[in-house]
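Let me begin by presenting the structure, written as structure tokens, before commenting on it.
Note that the structure is predicted; figures quoted are calculated from it, not measured.
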Protein chains: 2
Amino acid sequence: MQPQPFHDHDHSHCTGDVMARAEAVTAASGARMTPVRRRVLEILLEEHRALGAYDVLQRLSAEGFGNQPPVAYRALEFLVDQGLAHRIQRLNAFTACMHPGTSHAPAFLICRSCNTVAEAPVAPVRAALDAAAAELGFAVERANIEALGLCPACGETA
Amino acid sequence: MQPQPFHDHDHSHCTGDVMARAEAVTAASGARMTPVRRRVLEILLEEHRALGAYDVLQRLSAEGFGNQPPVAYRALEFLVDQGLAHRIQRLNAFTACMHPGTSHAPAFLICRSCNTVAEAPVAPVRAALDAAAAELGFAVERANIEALGLCPACGETA
DNA sequence: CTATGTATGTAATATCATAACACGTCAAGA
DNA sequence: TCTTGACGTGTTATGATATTACATACATAG
């Protein structure tokens with residue numbers, strides 16, 4: 001398990017470590033980590049929050065990249081395809097994957113107070129879901145699990 | 001457990017039974033089941049699929065109700081608040097709750113082939129999720145669990 | 001009957017997402 | 001070397017989803 005965003009941490013480690021793994025992942029798959037794509041991942045990594053495509057776009061265009069929606073959506077789609085980012089359906093937003101390269105189905109913990117997004121270990125959840133679905137003859141291929149609640153910090157405050 | 005949409009069933013039973021329960025639920029909570037709201041629920045009940053707000057709106061306006069988005073969104077929001085319908089984030093769409101009145105967190109099984117949506121018993125899944133979240137100090141309040149896959153009928157065909 | 005809260009109608013607009021096409025670059029093969 | 005084709009990026013235009021704000025109607029309690 002990677003360090004969790006919920007706790008104090010040296011954030012530059014997240015960024016550096018994940019970026020390094022991202023370069024490795026793309027190199028391994030033959031995909032090209034271009035400047036826009038790299039920059040988008042960096043932008044997502046700057047915060048443990050989900051950013052909307054238009055948020056990302058705004059930063060991109062401020063830095064001289066294109067300023068039309070497809071620029072952001074394409075880069076984000078690439079990152080999601082590569083397993084380097086996740087889409088948070090509930091928020092219509094995207095977040096960097098904090099442990100790329102390790103195969104995993106996503107389970108997201110979204111703090112309704114500070115909007116931080118963390119990924120939780122999902123194996124047991126997934127097993128329970130598969131079992132429940134199998135009862136009905138349904139074969140689960142992909143699952144989105146998004147939990148809304150309070151992170152440790154915000155839970156204390158409240 | 002209510003009859004599952006995946007199997008052959010007398011659909012008028014779904015509709016009639018659920019509508020009756022819906023009237024009971026709203027009466028009990030003091031909420032008003034108005035014509036638009038009732039009609040929207042009926043529309044959702046006509047199929048075991050998720051319908052977009054604009055799909056619903058189109059049918060409403062064809063029947064003489066208002067033809068602006070808020071008409072549909074408000075009725076849908078009401079139904080969701082009352083636990084009579086669910087929002088499927090993944091599809092930006094809504095589906096009737098097939099067992100209103102019984103408290104439940106939702107877990108949806110969405111067939112990627114025929115778009116049927118079923119609700120699966122979720123208690124064990126939810127327990128696993130709560131446990132995983134608790135490890136990280138996160139308190140889950142609401143969880144969205146949406147699984148994409150193949151329903152029994154479409155699974156056989158493939 | 002009238003005051004009040006709630007529901008509905010409507011216009012306008014915000015937000016999220018994609019289709020379609022043009023242009024540039026780079027690498028593989030004729 | 002030249003060409004060709006795949007891919008990435010830029011841009012225009014549009015589509016799809018959702019909300020704000022305000023006006024009107026309507027039911028019910030007082």
Side-chain angles (χ1 to χ4, degrees), chain A residues 22-23 26-27 29-44 49-82 84-95 110 115 144 146, chain B residues 22-23 26-27 29-44 49-82 84-95 110 115 144 146:
Chain A
E23 303 281 354
T26 50
S29 76
R32 304 199 333 223
M33 180 58 93
T34 63
V36 205
R37 293 168 174 176
R38 179 175 297 109
R39 189 65 195 117
V40 168
L41 182 52
E42 286 169 358
I43 288 168
L44 291 181
R49 290 192 306 116
L51 293 180
Y54 280 71
D55 295 333
V56 171
L57 179 58
Q58 197 172 325
R59 306 200 197 193
L60 285 179
S61 82
E63 297 174 19
F65 293 100
N67 64 345
Q68 297 302 312
V71 172
Y73 280 102
R74 285 194 290 232
L76 289 165
E77 184 187 23
F78 171 85
L79 295 173
V80 170
D81 286 348
Q82 296 292 314
L84 301 174
H86 297 293
R87 178 174 213 138
I88 309 293
Q89 306 276 358
R90 176 156 204 118
L91 305 175
N92 292 323
F94 300 82
T95 187
I110 308 164
N115 286 307
N144 273 105
E146 301 179 359
Chain B
E23 302 283 353
T26 50
S29 77
R32 300 189 350 214
M33 180 57 93
T34 63
V36 207
R37 293 167 174 177
R38 179 176 297 109
R39 190 65 196 116
V40 169
L41 182 52
E42 286 169 359
I43 288 169
L44 291 181
R49 292 193 304 116
L51 293 181
Y54 281 73
D55 295 333
V56 171
L57 179 60
Q58 196 172 323
R59 307 200 196 193
L60 286 179
S61 82
E63 296 175 20
F65 294 99
N67 65 346
Q68 297 300 314
V71 172
Y73 281 102
R74 284 194 290 231
L76 289 165
E77 183 187 23
F78 171 84
L79 295 172
V80 170
D81 285 349
Q82 296 291 316
L84 301 173
H86 298 293
R87 178 175 213 138
I88 310 292
Q89 305 278 356
R90 176 160 203 115
L91 305 175
N92 291 321
F94 300 83
T95 188
I110 308 164
N115 285 308
N144 272 107
E146 302 178 358

Distance-minimising heavy-atom pair for Val40(B) and Ala75(B):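 It is CG2-CB, 3.7 Å.
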- prompt: Minimum heavy-atom separation for Leu84(A) to Met33(A), with atom names?
  reply: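 Where Leu84(A) meets Met33(A) most closely, the heavy atoms are CD1-CE, 4.0 Å.
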Are the side chains of [Y] and [X] in contact, using a 4.5 Å heavy-atom criterion?
{"X": "Arg37(A)", "Y": "Thr26(A)", "answer": "no"}
{"X": "Asn144(B)", "Y": "Gln89(A)", "answer": "no"}
{"X": "Gln82(B)", "Y": "Leu41(B)", "answer": "no"}
{"X": "Leu76(B)", "Y": "Leu44(B)", "answer": "yes"}

Enumerate, atom names and distances included, each donor-acceptor pair closer than 3.5 Å involving a side-chain atom of residues 50-63 of chain A, sequence neighbours excluded.
unit_1, atom_1, unit_2, atom_2, d
Asp55(A), OD2, Gly52(A), N, 3.1
Arg59(A), NH1, Glu46(A), OE1, 3.4
Arg59(A), NH2, Glu47(A), OE2, 3.3
Ser61(A), OG, Gln58(A), O, 3.3
Glu63(A), OE1, Arg39(A), NE, 2.7
Glu63(A), OE2, Arg39(A), NE, 3.3
Glu63(A), OE2, Arg39(A), NH2, 3.1

- prompt: For Glu146(A), what residues pass the side chain to side chain donor-acceptor pair (under 3.5 Å) criterion, not counting sequence neighbours?
  reply: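 None.
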field: All side chain to side chain donor-acceptor pair (under 3.5 Å) counterparts of Arg87(B), not counting sequence neighbours
entry: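 None.
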What is the distance, rounded to the nearest whole Å, between atom [atom1] of [X] and atom [atom2] of [N]?
{"X": "Gln89(B)", "N": "dT15(C)", "atom1": "CD", "atom2": "P", "result": "18 Å"}
{"X": "Tyr73(B)", "N": "dC16(C)", "atom1": "OH", "atom2": "C1'", "result": "11 Å"}
{"X": "Asn92(A)", "N": "dA17(C)", "atom1": "CG", "atom2": "C1'", "result": "9 Å"}
{"X": "Phe94(A)", "N": "dT15(C)", "atom1": "CZ", "atom2": "P", "result": "17 Å"}

message: Distance check, rounded to the nearest 0.5 Å: Phe94(B) atom CZ versus Ile43(B) atom CD1?
response: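 Reported value, rounded in 0.5 Å steps: 13.0 Å.
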- request: Give me the residues of residues 50-72 of chain A where at least one heavy atom lies under 4.0 Å from an atom of DNA chain C, by number, or none.
  value: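 The answer is Tyr54(A), Pro69(A), Pro70(A).
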- prompt: Can you list, by residue number, the residues of residues 32-44 of chain B that have a non-hydrogen atom closer than 4.0 angstrom to DNA chain C?
  reply: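 Arg32(B), Thr34(B), Val36(B), Arg37(B) - these, ordered by number, are the residues of the stretch whose heavy atoms sit under 4.0 Å from the strand.
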Boundaries of the DNA chain D segment in contact with chain A, non-hydrogen, under 4.0 Å: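 On DNA chain D, the outermost contacted nucleotides are dG8(D) to dT12(D).
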task: Name the residue closer to the 5' end of DNA chain C, choosing between Ala75(B) and Leu91(A) according to the nucleotide with the nearest heavy atom.
output: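 Residue closer to the 5' terminus by nearest nucleotide: Ala75(B).
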